[in-house]
Every structure is written in C-alpha cells, then in structure tokens.
Engineer: 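My questions all concern the structure below.
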4 protein chains.
Amino acid sequence: MSLKKSAQPAPDSTRRSERSRRAIYDAALALVAEVGYPRTTIEGIAARAGVGKQTIYRWWSSKADVLLEAFLDLSEQASRDAGPEYEFAIPDTGDLAADLKAVLRLTVDQLRDPRFEGPSRALAAEGVVDEQLGRIAVAKLLEPSLQMYADRVRSAQEAGQVRPDVDPRIALELWVSPLAQRWLQYTGPISYEYTDTLVDYALYGLAPR
Amino acid sequence: MSLKKSAQPAPDSTRRSERSRRAIYDAALALVAEVGYPRTTIEGIAARAGVGKQTIYRWWSSKADVLLEAFLDLSEQASRDAGPEYEFAIPDTGDLAADLKAVLRLTVDQLRDPRFEGPSRALAAEGVVDEQLGRIAVAKLLEPSLQMYADRVRSAQEAGQVRPDVDPRIALELWVSPLAQRWLQYTGPISYEYTDTLVDYALYGLAPR
Amino acid sequence: MSLKKSAQPAPDSTRRSERSRRAIYDAALALVAEVGYPRTTIEGIAARAGVGKQTIYRWWSSKADVLLEAFLDLSEQASRDAGPEYEFAIPDTGDLAADLKAVLRLTVDQLRDPRFEGPSRALAAEGVVDEQLGRIAVAKLLEPSLQMYADRVRSAQEAGQVRPDVDPRIALELWVSPLAQRWLQYTGPISYEYTDTLVDYALYGLAPR
Amino acid sequence: MSLKKSAQPAPDSTRRSERSRRAIYDAALALVAEVGYPRTTIEGIAARAGVGKQTIYRWWSSKADVLLEAFLDLSEQASRDAGPEYEFAIPDTGDLAADLKAVLRLTVDQLRDPRFEGPSRALAAEGVVDEQLGRIAVAKLLEPSLQMYADRVRSAQEAGQVRPDVDPRIALELWVSPLAQRWLQYTGPISYEYTDTLVDYALYGLAPR
DNA sequence: GTATAATCGAGACGGTACGTCAAGTCTTATC
DNA sequence: GATAAGACTTGACGTACCGTCTCGATTATAC
C-alpha cells in the first residue's frame with residue numbers, strides 16, 4: 001500500500017502504534033487543508049501529531065505517501081459511513097443517460113467539498129510529476145469509479161442502448177475526462193448543466209442524426 | 001506575463017540583460033529535463049546560467065514562474081521555426097473527422113517529445129495546486145489550441161456536419177480532455193488509434209444510429 | 001588623506017562635486033549614529049545622500065575610509081566653530097597638575113558627547129583590526145592632542161616640575177591611556193574625580209615620599 | 001557564558017555534541033588566524049569544522065560569540081597546560097618594581113604571540129563597538145589579571161611600599177593601560193624597556209623627589 | 001558660447017554570506 | 001523494539017550588500 005522502498009530491515013508492523021497512525025493521518029489532512037500541500041511539512045505533521053519524525057519515516061517514504069494513505073483512509077471511512085449498499089454503485093434504471101447524469105451530479109458535489117479538495121489536488125499534482133505515485137493514486141482512488149462506469153456501459157450494451165463495438169473504457173472518458181480536466185486545470189466552470197450536456201453529447205454524438 | 005507581484009519598486013526593464021534572460025531560460029529548461037522539476041532549484045538555475053540569484057528574483061516570483069516563461073519562450077521559438085503558415089492551424093478539408101484525427105496525431109507526437117514533457121508536466125502539476133499559475137499557464141499554452149478546435153467545430157456547424165445547438169467549447173473537450181487525462185494521470189496508453197477512436201465516438205456518439 | 005589605493009586612472013578631483021561630498025559625510029555620520037557602524041552600509045549612505053554608489057567608490061576605498069574622513073571633517077568644523085585661539089591648547093599656568101586636570105575634564109566631557117561616541121568607537125574598533133586605518137586614525141585624530149601633552153610636560157621639565165630624564169611621550173600615557181582604556185573597553189567608570197586621581201598618581205607616584 | 005539571547009526553546013545542552021563544539025572552536029581560531037576576523041564567516045567556520053550552520057546558530061548568537069568562547073577555551077587549555085602552580089600568579093619577592101616588571105615582560109611576550117594576536121584583536125575590536133560583548137570579554141579575559149595586580153599592590157601597601165591611600169584598581173592602570181593602548185591602537189612600540197619604564201614612572205612619579 | 005569629457009544619479013549585474021527552514025539520519029531515554 | 005524528542009549534517013531558501021558595470025543627464029572647464 002505504501003510506496004516505501006524498504007531499505008532497512010522492515011519494521012515489525014505487528015508492534016505498530018495505531019494511535020500514532022491515526023494521529024498522523026489526522027494531522028496530515030488537517031495541515032494540507034489549512035496551509036496547503038507545499039507548506040505542509042513532515043516536521044509539521046510530526047509535531048501536530050505529537051509523534052517523533054522517525055515514526056513517520058519508518059512507515060512512509062515521503063510526504064506524498066503519507067497523504068495518499070491518509071486520503072485513502074478518509075475515503076474508506078466515508079464509504080463505511082455511507083453504508084455498504086449505496087456506495088459507489090451506479091444505478092441501473094434502464095435509462096443510461098439518466099443514470100450517468102445522476103452519478104455525475106454526485107461527483108460534482110464531491111469535487112466541491114473542501115474537505116476533499118486540498119488533499120485531492122495535492123495528490124493529483126504530485127502524481128502528474130511522480131509517475132509511480134500517480135499510478136498508485138489512480139489505481140486506489142480513481143479506478144473503482146472508472147470500473148463502475150465501464151460496467152454500466154457494458155450493461156447498456158447488452159440492453160442495446162450502446163453500440164456493441166464501443167470500448168467501454170474509452171467511452172467513459174467522454175464524460176469523466178472533461179470533468180476531470182475542468183477541475184484539475186481550471187479550464188472551465190463545473191455545474192450540473194455541464195455534466196448533463198457531456199452525457200448527451202457523448203451518447204448521441206455531435207453529428208446530426 | 002510574469003506572475004511577479006511587484007513588491008519593491010519595479011525594476012527598470014529597459015536596462016534588463018537579454019543575455020541573462022536567455023541563459024536563465026536555457027538553464028531552467030535543461031535542469032528540469034535533466035533532474036526533474038522538484039530537484040530543480042533557483043540556486044541551480046542561477047549557477048548554471050552564470051547569473052546571480054538576485055537577477056532571477058528581480059524578474060520572476062518563483063521557480064514555476066521562471067519555468068512558465070521559459071516554456072512560453074520555447075513554444076514561441078518552436079512556432080517561429082515551424083514557419084508562420086503551418087503553425088497551429090487546423091486544416092479544413094471539409095471532413096471534420098479526418099481533420100481532427102490529423103491534428104490529434106500531431107498532438108500525440110508532441111506529448112511524447114521529451115524536450116516538452118518535463119517542463120510541461122512540471123507546469124501542469126504546479127498549476128493544479130496554484131490556481132493563479134494554472135490559469136495563466138492554461139491561457140498562454142492551452143487556450144490557443146482550444147480556440148482553434150472551437151473554430152473548426154463552428155465551421156463544421158456551418159457546413160451542417162455538426163448539430164447547430166452544440167456548444168463548440170464543450171464539444172472539443174470530448175477529444176481534448178481524454179487525451180489530456182491519459183497524459184497527465186497515466187490512466188491509459190496514448191496512440192494514434194486511441195485518438196482516432198475518440199474522434200469517432202465524439203462525432204457519432206455511443207448510442208446506435 | 002584617503003586610504004584609496006588608486007587602481008583606475010585617478011579621478012579628476014578639480015571636478016569633484018562638493019555637494020555630494022558634504023551629503024555623503026552627513027549621511028555617513030547620521031547612519032552610524034542611528035543604526036551603528038556595522039549596520040551602516042555603503043548602499044545606505046549612497047541612498048541617504050541621494051548619490052550614486054559609484055560616487056562613493058570613486059573617492060573612498062571603504063566604509064571605514066568614508067567614516068574617517070567624515071569624522072575628520074566633523075572635528076575640523078568643531079574646531080573652527082570653537083574659535084582658533086582656544087582650540088587644543090593646554091593652558092600653562094605654571095601648575096602642571098592643575099592644567100592637566102582641567103584639560104582632562106574637557107576630554108571627559110567630549111567622550112560623553114553622543115555626537116562623537118558612535119563614529120569614534122566605530123573608527124577605533126576598525127583601527128584595532130585594520131592596522132593601516134588604525135595608524136592613520138591615530139595620526140589624524142589622536143596625535144595632535146598627544147603632542148600638546150608632550151609639549152606641556154616638556155615645559156614643566158624646564159620649570160623643574162618634572163624630572164629631566166622623563167620621556168614626555170611615555171609620561172603622558174600615564175593619564176591618557178587609562179582614560180582611553182576605560183572608554184574603549186568599559187573597564188571602569190569615567191569621572192572628573194577619576195582623571196584628577198590619575199594626574200596625582202602620575203605626578204607623585206605610588207611609592208611614599 | 002554565551003551571549004545567546006534564547007529566542008527559541010532552549011536546546012538541550014546535555015545532548016550537545018562535544019565533537020562539534022571542539023571542531024567549531026578549532027575552525028574559528030584557525031580561520032581568524034589565517035584570513036582575519038572580518039573575512040572569517042559563519043559559513044566558513046561551519047564548512048571547515050564539518051558542521052551544519054544550524055549547529056552554530058543553535059549554540060551561539062554571533063561570530064563574535066563563537067570566537068569569544070573559542071578564545072576562552074584556548075586560554076583555559078593554555079592554563080591547564082602551563083600547570084596550576086605557575087599560572088597567573090604575580091611573584092611577591094618583596095620588591096614591587098621588580099615583580100611588576102617581570103610579569104609585564106611575560107605579557108609583552110604574549111601580546112606578540114601570533115596564536116593570540118588575531119583572535120584577541122578581533123574580540124577587542126568587537127567589544128569596542130558591542131558593549132555587552134565588551135564587558136563579557138573583559139570580565140572573562142582581562143579581569144583575572146587585573147585582580148592579581150590589584151592584590152599585589154595591596155600586599156605592597158601592607159609592606160609600606162605603596163602609599164596607603166592609593167586605590168589599587170586605579171594604580172594598576174598606570175602600567176596596564178599604556179601597554180594596552182600601544183597594542184590596541186598602534187600608538188607606539190612595545191618592548192621590555194618600555195614596560196620597565198612604565199613601572200618606574202608609576203611607582204616614583206614624574207615629579208622630582 | 002559652445003563643445004566635450006569627466007562626474008554624477010541610478011540601478012542592473014555576478015557574487016558572497018546571511019540567518020532560517022526543512023529534509024532525512026542518528027542517538028538517547030522511556031515505555 | 002517501537003516510540004517521542006530532538007541534535008545532527010546537508011542543502012535550498014529569499015534577502016542584503018558587496019564592488020563593478022553601464023546608462024543617460026548634468027556640469028564645468030578648455031576651445
């Protein structure tokens with residue numbers, strides 16, 4: 001899970017302090033939210049968590065690594081809180097467009113949640129420049145959602161609502177990527193109307209029918 | 001053009017050393033290419049450029065700012081080298097799909113050019129986290145291309161190849177954003193085949209016709 | 001007068017700006033008085049004097065050199081103001097002890113004049129470490145007074161009040177140096193009573209008579 | 001002992017590295033001897049001592065403070081080397097003049113020892129301008145000697161060789177200060193003959209007997 | 001009474017050192 | 001053996017001045 005490239009003899013994780021781990025996650029997320037990622041320091045996290053610096057270096061390899069796990073932990077918590085049935089499921093009412101629009105509206109809400117924004121941007125930025133981290137972050141955080149979109153597209157193919165030769169992994173990018181880019185690069189405003197439009201364009205194309 | 005938030009009395013730009021400016025651009029781009037953005041330092045740039053640190057701080061506000069201008073300069077140079085006629089023009093053969101596919105293949109080539117990759121990623125990453133820088137970088141570097149796509153879509157609308165109610169600024173995101181996301185976040189491989197597919201999906205939609 | 005070790009072709013002093021010279025002296029003395037010698041900078045003097053840095057470097061070799069001349073100028077002004085007859089003359093009433101005590105009391109007053117204290121200490125400190133400057137400062141500033149003490153001792157020798165084998169140049173150190181050391185090194189308080197005592201001890205010795 | 005004005009939480013001196021302390025003293029003294037005080041820098045000391053700059057800033061407040069302690073340490077070492085019986089004792093043979101002359105000749109030798117000259121001048125100069133440092137340096141370095149002179153004078157008073165109304169603390173300045181001034185300000189040459197003369201003048205006075 | 005050349009104010013430049021911050025390593029004492 | 005604490009070396013930060021240099025603009029003699 002961690003990026004740790006174990007140089008020293010691997011520490012004995014059975015003796016690990018759960019208290020410290022929690023405190024470090026909390027401190028890291030709080031600091032990123034308060035002062036931003038670049039001004040968040042390992043020393044700062046350690047001090048705020050009431051933890052020795054070595055305890056951080058023992059279990060994580062970098063600031064980004066700490067944050068990645070802290071963020072994963074936060075996501076898992078959020079999922080558990082939301083209840084197991086609801087979580088991450090794309091509804092299948094038979095109407096693909098409606099189902100996609102509904103889920104994308106939830107995503108829009110999440111992107112605006114300030115609790116997520118700071119750490120998410122930090123991780124995304126780090127991932128752009130650090131390929132290893134980027135791939136892990138995508139796999140852990142983004143992949144589950146993408147998989148569900150792909151599944152929903154496949155189900156629509158079976159229902160005859162999507163052409164059978166369409167690659168679902170590419171199809172989903174028609175709405176996921178534009179939203180992602182507007183959020184990452186400030187290329188445009190994000191709204192329900194916007195995501196609704198994306199779904200319509202994606203499903204029915206730009207060309208006249 | 002610079003992000004410089006003039007605190008001190010603005011320096012007299014008529015007396016600026018062109019020699020230093022060039023040397024700083026070259027050093028910055030070389031270092032980012034060689035050791036990566038995070039390990040590129042202002043001190044390193046200054047040393048390599050044979051320049052005092054103050055000369056950098058006098059004219060730029062941050063490492064990212066230096067790199068942004070260096071990269072802009074590089075792009076302008078590249079444009080000038082390429083000749084004024086070809087540059088940044090999307091062909092209009094009457095066949096929108098073919099025209100888009102052709103241009104996107106050039107973009108794929110450029111994304112793989114190692115001369116551009118380092119600085120581009122660095123800027124993109126910084127822009128994710130620093131909204132001001134992000135907006136400027138997008139405006140300077142991305143916007144011209146986006147504008148041309150929008151223009152080409154509009155021309156296709158007039159030719160009846162694209163529905164008149166389609167918003168060109170959103171339409172173009174159907175192929176630009178997926179490519180951008182795969183490049184930024186390593187969410188998938190980039191190839192001519194991939195961009196061709198994007199154009200097809202975007203124009204004709206996922207739904208059966 | 002200056003310490004300038006002329007490297008470049010000597011500047012033409014006939015065309016020198018008297019206005020600038022005065023402004024530099026004033027600025028230098030004011031700055032030393034206000035922020036102390038170490039925090040006084042050439043740039044600061046130039047800015048305060050409304051003068052280009054080069055104008056300072058053209059005519060002086062160092063901060064200490066500027067200050068030395070500024071201080072000499074100040075001394076000369078003070079002398080001129082005091083009137084030519086009074087200045088630096090040790091009275092000769094026939095009573096050596098009384099005459100020395102009187103002059104030393106004036107010296108005590110001067111050592112306490114804050115206008116002189118800052119620059120004097122600065123020069124003295126610099127002179128301790130920079131032998132060349134030290135010798136010049138002593139020659140310009142201290143020597144005239146020492147010479148007058150020596151003359152007065154000689155006159156006392158002729159009057160039979162001082163043993164003929166006494167070296168006047170050493171004799172005067174018996175009161176000048178203790179006062180100087182207390183002032184320079186804070187080895188003790190300075191008062192009229194103290195200087196009076198010094199004169200008595202020097203003239204009549206420590207041993208019983 | 002240090003001038004450190006504890007701003008940050010005081011560091012834990014029990015965990016201080018003795019190795020670093022020694023290396024810093026050695027480097028500081030060596031640099032002052034080699035290039036002089038003004039060209040000795042904190043960075044230079046740190047580099048030469050193989051020590052981080054912060055380790056210096058953690059324990060000392062300034063270059064002068066480092067040097068003061070380094071010099072004190074050197075003096076203590078020298079004392080220990082010289083053996084406890086000899087050190088700093090003014091002989092009491094019953095002949096005050098002879099005893100003083102003997103000790104002053106040793107002082108003359110020491111003033112010429114190049115190992116001491118550089119750091120001593122540096123400290124003295126700094127002390128002229130920085131009263132706090134000056135007082136500490138005098139108390140630590142000069143005071144012990146002065147005290148011994150005072151004691152010897154008192155003993156001579158008991159033996160009837162010095163008038164009982166003489167203040168020993170002022171008396172000793174008659175030979176200490178002239179020597180100090182010649183050394184500090186280059187006001188004259190220093191020799192055995194000179195110090196012998198000072199003692200004679202001081203004891204028997206300038207006036208005929 | 002101009003020509004003309006040096007000085008002048010200004011300030012950009014390549015540098016050095018400053019004092020601070022944080023990184024990652026190491027040591028000590030505690031639990 | 002993991003931990004909290006924090007001293008250590010390292011290296012970059014952004015700032016302040018150094019002394020040199022190039023600019024017009026301004027004198028102030030010498031033509």
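Protein chains get the first letters and strands the later ones, always in sequence-line order, with residue 1 at the start of each.
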Engineer: Expressed as a whole number of angstroms, how long is the span from I56(C):CD1 to dG11(E):C1'?
Structural biologist: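 Distance, rounded to whole Å: 14 Å.
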
Engineer: Do you know the tightest heavy-atom contact between K63(D) and P38(D)?
Structural biologist: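 Here K63(D) and P38(D) meet closest at NZ-O, 3.7 Å.
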
Engineer: Round to the nearest Å and state the distance from I45(C) atom CD1 to dC17(F) atom P.
Structural biologist: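 Those two atoms, CD1 and P, are 12 Å apart.
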
Engineer: Take the protein atom CZ of R48(D) and the nucleotide atom C1' of dT10(F), then report the distance between them rounded to whole Å.
Structural biologist: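 For the pair R48(D) CZ and dT10(F) C1', the rounded distance is 20 Å.
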
Engineer: Specify the closest pair of heavy atoms between L29(B) and P119(B), including all atoms of both residues, with the distance to one decimal.
Structural biologist: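 Looking at all heavy atoms of both residues, the shortest contact is CD2-CG, 3.8 Å.
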
Engineer: Would you say V32(D) and R121(D) make side-chain contact, with heavy atoms under 4.5 Å?
Structural biologist: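 Answer no - side chains too far apart.
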
Engineer: According to a strict under-4.0 Å criterion, is S17(D) in side-chain N/O contact with OP1 or OP2 of dA7(F)?
Structural biologist: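 For S17(D), the contact criterion (side-chain N or O under 4.0 Å from OP1 or OP2 of dA7(F)) is not met.
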
Engineer: Report the nucleotide, chosen from dC18(F), dC17(F), dA5(E), that has the shortest atom-to-atom distance to any side-chain atom of Y57(C).
Structural biologist: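 Output: dC18(F).
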
Engineer: Name the residue closer to the 5' end of DNA chain F, choosing between R19(D) and T40(B) according to the nucleotide with the nearest heavy atom.
Structural biologist: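 First, find each residue's nearest nucleotide; the 5'-ward one identifies R19(D).
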
Engineer: Using every non-hydrogen atom in the two residues, find where T55(C) and S20(C) come nearest and quote the distance to one decimal.
Structural biologist: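 Result for this residue pair: CG2-CB, 4.3 Å.
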
Engineer: Tell me the closest heavy-atom pair linking S13(D) and W59(D), and the distance in Å.
Structural biologist: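 Minimum heavy-atom contact is CA-CH2, 3.7 Å.
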
Engineer: Is R58(A) near enough to dT3(F) that one of its side-chain N or O atoms lies under 4.0 angstrom from OP1 or OP2?
Structural biologist: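 Checking R58(A) against dT3(F): at least one side-chain N or O falls below 4.0 Å of OP1 or OP2.
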
Engineer: Under 4.0 Å from OP1 or OP2 of dT3(F): is there any side-chain N or O of W59(A) that close?
Structural biologist: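 The answer is yes; a side-chain N or O of W59(A) sits under 4.0 Å from OP1 or OP2.
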
Engineer: Select one nucleotide: of dA17(E), dA10(E), dT20(E), the one nearest the side-chain heavy atoms of E43(D).
Structural biologist: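 The nucleotide sitting nearest to the side chain is dA17(E).
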
Engineer: Is there a salt bridge (Lys or Arg N to Asp or Glu O under 4.0 Å) between D26(D) and R48(D) once you walk through the steps?
Structural biologist: CA-CA 9 Å; D26(D) 293 348; R48(D) 176 139 180 173; over 6 Å; no

Engineer: Compare side-chain N and O positions of S20(C) against OP1 and OP2 of dT7(E) and report whether any pair is under 4.0 Å apart.
Structural biologist: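 No, S20(C) has no side-chain N/O under 4.0 Å of OP1/OP2 on dT7(E).
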
Engineer: Whole angstroms only, please: what is the CD1-P distance between I24(B) and dA12(E)?
Structural biologist: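 I24(B) atom CD1 is separated from dA12(E) atom P by 14 Å.
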
Engineer: Is the phosphate of dA16(F), meaning OP1 or OP2, less than 4.0 Å from a side-chain N or O of T41(C)?
Structural biologist: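 Indeed not, no polar side-chain atom of T41(C) lies that close.
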
Engineer: Measure the distance from CD on E18(C) to C1' on dT26(F) and round it to the nearest whole Å.
Structural biologist: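 Taking atom C1' of dT26(F) as the reference, CD of E18(C) is at 17 Å.
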
Engineer: Starting at atom CD1 of I42(B), determine the distance to atom P of dG15(E), rounded to an integer number of angstrom.
Structural biologist: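 Rounding to the nearest Å, CD1 of I42(B) and P of dG15(E) are 17 Å apart.
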
Engineer: Has the side chain of Q54(B) got a donor or acceptor that lies under 3.5 Å from a partner of the other kind on the base of dA16(F)?
Structural biologist: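 A donor-acceptor contact between them is present.
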
Engineer: Indicate, yes or no, whether a donor-acceptor pair under 3.5 Å links the base of dG15(E) to the side chain of K53(B).
Structural biologist: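 For K53(B), whose side chain was compared with the base of dG15(E), there is no donor-acceptor pair (under 3.5 Å).
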
Engineer: Under 4.0 Å, counting only non-hydrogen atoms across every strand here, what does G44(B) touch: a base, just sugar-phosphate, or nothing?
Structural biologist: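 The residue G44(B) makes no contact with any strand.
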
Engineer: Taking CZ from R39(D) and C1' from dC18(E), how many angstroms apart are they, rounded to a whole number?
Structural biologist: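 Spelled out: CZ on R39(D) to C1' on dC18(E) is 18 Å.
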
Engineer: Specify the residue among K63(C) and R15(D) whose closest nucleotide of DNA chain F lies further upstream toward the 5′ end.
Structural biologist: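 Comparing both residues, the 5'-ward one is R15(D).
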
Engineer: Report yes if at least one side-chain N or O of T55(D) is closer than 4.0 Å to OP1 or OP2 of dA7(F); otherwise report no.
Structural biologist: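 Answer is no, no contact under 4.0 Å.
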
Engineer: Without decimals, in angstroms, what is the distance between R16(B) CZ and dA12(E) P?
Structural biologist: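 So the CZ-P distance, R16(B) to dA12(E), works out to 11 Å.
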
